Amino acid sequence: MDCLPGVENLGPNSTKDSLLTDVEGILYPKETTRYWEEIQNFKARPDDLLICSYPKAGSTWMQEIVDMIQHGGDPEKCARAPIYQRIPFIGFSLPFSIPTSIEKIEAIPSPRTLKTHFPVQHLPPSFWEQNCKIIYVARNAKDNMVSYFYFHNMINIIPDSGSWDEFMENFIAGKVCWGSWFDYVQGWWKAKDHHPILYLFYEDIKEDPAREIQKIAQFLEIDLSASVLNRIVLHTKFENMKTNPLVNHSDLPFLFDQTTPPFMRKGKVGDWKEHFTVAQSERLDNICAQLFAGSGLTFRTQL
Ligand code: PPS
């Protein structure tokens with residue numbers, strides 16, 4: 001894999017410690033903590049829209065859906081730039097590849113749509129203060145974990161995953177980049193009670209994309225005709241996004257190892273069955289049942 005210019009300690013021999021930094025118990029990429037103050041002081045505007053998810057829960061899918069909704073379902077308009085430029089990632093910037101520094105995001109005219117992976121406690125406070133609309137996407141722990149396992153080996157700014165068993169222990173302990181999935185999904189679930197957050201599930205979008213896209217459009221106060229809705233469903237189907245170079249990240253070979261399974265890997269609900277033992281599956285089920293009891297938060301692991 002080519003080296004990413006200007007960023008230290010990359011590559012398969014890097015250790016976890018050299019690539020991630022702990023902030024209040026959450027591990028972050030060095031490129032996030034390097035600009036921590038700047039990111040935390042970001043000035044959100046009231047008409048900013050934020051798309052948020054735990055890594056590998058479907059944020060790129062949501063970005064493309066939202067961009068299509070905002071552009072009348074016109075794929076030509078959504079072909080104006082790669083997705084990471086159309087809807088920049090706040091909280092992570094690689095100056096030589098993904099030009100989404102705070103300075104650049106601040107220069108974008110309103111209304112802006114941004115993406116992040118911050119847990120609630122580390123979201124730049126101005127998003128709360130400005131009462132910005134937030135679309136949150138959650139994915140069941142098992143499929144999310146499988147996708148994250150492969151991602152660790154694919155992207156060169158976080159450590160390799162190690163064995164499946166090792167990765168599972170790290171995932172359960174929250175010792176992975178952007179922190180504990182369990183705390184994360186619950187934090188955002190609670191936040192929706194006091195903030196305009198549309199909390200969506202990957203499994204629901206997979207089951208009935210038209211229904212979920214309508215929900216998003218309503219949240220954004222945009223009317224969709226039946227034909228526009230159909231176009232958005234078609235354009236954002238997994239098979240179509242997989243071959244779309246503006247969303248599949250094939251344009252970032254210095255960041256994503258092209259020899260591992262691709263960014264658009266399987267796009268399925270239930271792929272976890274190919275990876276979990278029965279005991280591991282039961283363990284995850286038990287943890288979720290215990291943690292989410294009484295919260296109203298439930299996940300489907302198959303359709
Ligand atoms: S990232 O790196 O955190 O931004 O990744 P993210 O985009 O959140 O998640 C990547 C996973 O989402 C799948 N994906 C999709 N699934 C279904 N339909 C569509 N259109 C779609 N687009 C992306 C992608 O394949 C990753 O999941 P896995 O299970 O690894 O395939």
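Please read these numbers as outputs of a predicted model, since none were measured by experiment. One-based numbering, in listed order, for ligands and for the atoms of each.
- Here His235 has no heavy atoms under 4.0 Å from ligand 1, in either its backbone or its side chain.
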| task | Give the C-alpha distance, both sets of side-chain angles, the deciding distance and a yes or no for salt bridge (charged side-chain N to carboxylate O under 4.0 Å, His left out) between Lys206 and Glu203. | result | CA-CA 5 Å; Lys206 197 77 197 171; Glu203 295 74 26; over 6 Å; no
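- When only non-hydrogen protein atoms are considered, atom 22 (N) of ligand 1 lies nearest to Met264 SD, 3.4 Å.
- Contacts of Ala57 with ligand 1, taken as heavy-atom pairs under 4.0 Å, involve the backbone alone.
- Here the heavy atom of the protein found nearest to atom 24 (C) of ligand 1 is Phe263 O, 3.8 Å.
- Defined by atom type and a distance below 3.5 Å, a donor-acceptor pair is present between the side-chain atoms of Tyr150 and His275.
- Within ligand 1, the atoms closer than 4.0 Å to a non-hydrogen atom of Lys115 are 4 (O), numbered from 1 in the order shown.
- Every residue meeting the side chain to side chain contact (heavy atoms under 4.5 Å, CB included) condition with Phe42, not counting sequence neighbours, appears here in chain and number order: Ala44, Asp48, Ile90, Ile102, Ile105, Glu106, Arg112, Leu114, Pro124, Ser126, Phe127.
- Counting heavy atoms under 4.0 Å from ligand 1, residue His117 touches it through the side chain alone.
- The shortest N/O to N/O separation between Trp61 and ligand 1 falls below 3.5 Å.
- Numbered from 1 in the order shown, with element, the atoms of ligand 1 that lie under 4.0 Å from a heavy atom of Phe151 read 2 (O).
- At the shortest separation from atom 27 (O) of ligand 1 among protein heavy atoms lies Arg139 NH1, 3.1 Å.
- A salt bridge links Glu221 and Lys133; the closest N-O separation between the charged side-chain nitrogens and carboxylate oxygens is under 4.0 Å.
- Between Arg211 and Glu207 there is a salt bridge, with a side-chain nitrogen of the basic residue lying less than 4.0 Å from a carboxylate oxygen of the acidic one.
- Numbered from 1 in the order shown, with element, the atoms of ligand 1 that lie under 4.0 Å from a heavy atom of Met241 read 20 (N), 22 (N).
- Closest to atom 16 (N) of ligand 1, if we only count protein heavy atoms, is Tyr202 OH, 2.7 Å.
- One finds the CD1 atom of Ile197 at 8.0 Å from the CZ atom of Phe219 (value rounded to the nearest 0.5 Å).
- At a 4.0 Å heavy-atom cut-off, ligand 1 touches Thr236 through the backbone alone.
- Taking the charged nitrogens against the carboxylate oxygens, Asp67 and Lys77 have no contact shorter than 4.0 Å, which rules out a salt bridge.
- A distance of 6.0 Å or more separates the ring centres of Trp188 and Tyr54.
- With hydrophobic clusters built from ILVMFWY side chains whose heavy atoms lie under 4.5 angstrom apart, Phe171 shares a cluster with Leu20.
- Below 3.5 Å of separation, one finds no N or O of Pro55 facing any N or O of ligand 1.
- For Lys237, the heavy-atom gap to ligand 1 drops under 4.0 angstrom.
- Salt bridge annotation for Asp204-Arg300: present, with a cationic side-chain nitrogen under 4.0 angstrom from a carboxylate oxygen.
- Among all non-hydrogen protein atoms, the one lying nearest atom 7 (O) of ligand 1 is Thr60 OG1, 2.5 Å.
- With salt bridges taken as basic N to acidic carboxylate O contacts below 4.0 Å, one links Glu169 and Arg283.
- The protein heavy-atom contact nearest to atom 2 (O) of ligand 1 is Lys56 NZ, 3.0 Å.
- In terms of protein heavy-atom proximity, atom 26 (C) of ligand 1 is closest to Ser147 OG, 3.7 Å.
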